[in-house]
Amino acid sequence: MNIQTLEKNFISYFNAKPQFIVRAPGRVNLIGEHTDYNDGFVLPMAIDRAVWIALTVRPDHEVRVHSLDYGSDSVFSLLDLTRDKGWGEYIKGVAYELQKAGYDLKGFDAVITGDIPRGAGLSSSAAVELVTARAFSVASNFEWDAARMALLAQKAENEWVGVNCGIMDQMASAACKAGFALFLDCRSLEIQYAPLPENAAVVILDTSTRRGLVDSAYNERRSQCEEAARWFGVKALRDVVIESGKWKMENGFSEVAMKRARHIVTENARVLEALRVMKDGNVKRLGELFNASHDSLRDDFEVTNDALNIMVNCAREQSSCYGARMTGAGFGGCAVALVEKDQAEEFAAAVSASYKQKSGLSANVYVCQASEGASVLEI
Ligand code: GLA
């Protein structure tokens, strides 16, 4: 997104220059899928696609936001927040949670735009939530506390919007650092910045399929994990330690719950190993962990679709590919591949062609850079 274009649009809409421009990125999860709501580990990185808000503080409690992408407005008073439908609910939900947490919010006039594809598993909703929180923090002059903002944004999504997500997407959009992936312990919210392999590129492979019925399938996975945790007698599946090869069905433990639990337990181990091998610069092993993660999501957690499996196979067929896996909630959307850096463009072209041939669908494949979490831009 070109900041000048956003500024120009703001000026033509509100007849004045904006005071601030804030930005919050989408994310691609490198590894650690469906582990966040099991108190586990994740390793996302913020991508160079984001949502931007240009704004000017108002003297009252009105919030007026014009969306360039939807061509419509969301207008409400901070003194009277009521539920409605549409994109503005993400903004209202964050305002509601911030006020409930004691923040004294000022209204603003704003223009919002973004370039994260929606429903693709790249956290466009979390980016809207975090850019909103960032906008309120500059407008109302309170300090930016990434973890606190991420938790409030998650609450807004859970309670105001009604999607029962974990904490990964909001933490990634709030707290990532350019050039690094973010290792997050979803129980303690402890973070570590993990160096990305120097000789590898992170490539996003959008299948162009979009997840359908995702909320019910997502919630079903959550309850299956909770059922499994109860069976093990632990607070969350994070607490289960089982040596590989020891998985077996026993009385009272359904095959489905066993498979779900096995994915979470093995995936948590993979994330911890991924962090170690990233620190050691072992890109080959990191690629193998990507592959193992996808296979577990396909066979045990059962959240891939045909398009994701075809895409991942197309990626793995390329000799420049270290590893590939689905990313995000699944059921459609994107995969992510780790690829030899100087081969990345050739890889993208080859995978697009072979995916088109095998699935009949057009892919959108691009190399992405690890970007900064929610931030205020210089105008
Ligand atoms: C979605 C949710 C996250 C996480 C992932 C799966 O992106 O918003 O909290 O559960 O799915 O890893």
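Counting starts at 1 for both ligands and their atoms, following the listed order.
- The only option from E302, E227, E255, E220 that meets the side chain to side chain donor-acceptor pair (under 3.5 Å) definition with R260 turns out to be E302.
- A side-chain donor from one of N309 and T304 sits under 3.5 Å from a side-chain acceptor of the other.
- Using cut-offs of 30° and 60° on the angle between ring planes, the pair Y37 and H34 is perpendicular.
- A heavy-atom distance below 4.5 Å is found between the side chains of L122 and I47.
- Ring geometry for W87 versus Y70: interplanar angle under 30°, hence parallel rather than tilted (30 to 60°).
- Aromatic ring pairs are classed by plane angle as parallel below 30°, tilted from 30° to 60° and perpendicular above 60°; the pair F183 and F41 is parallel.
- Sorted by chain then number, the residues whose non-hydrogen atoms approach ligand 1 to under 4.0 Å are R27, E33, H34, D36, Y37, C165, G166, M168, D169, Y218, G328, A329.
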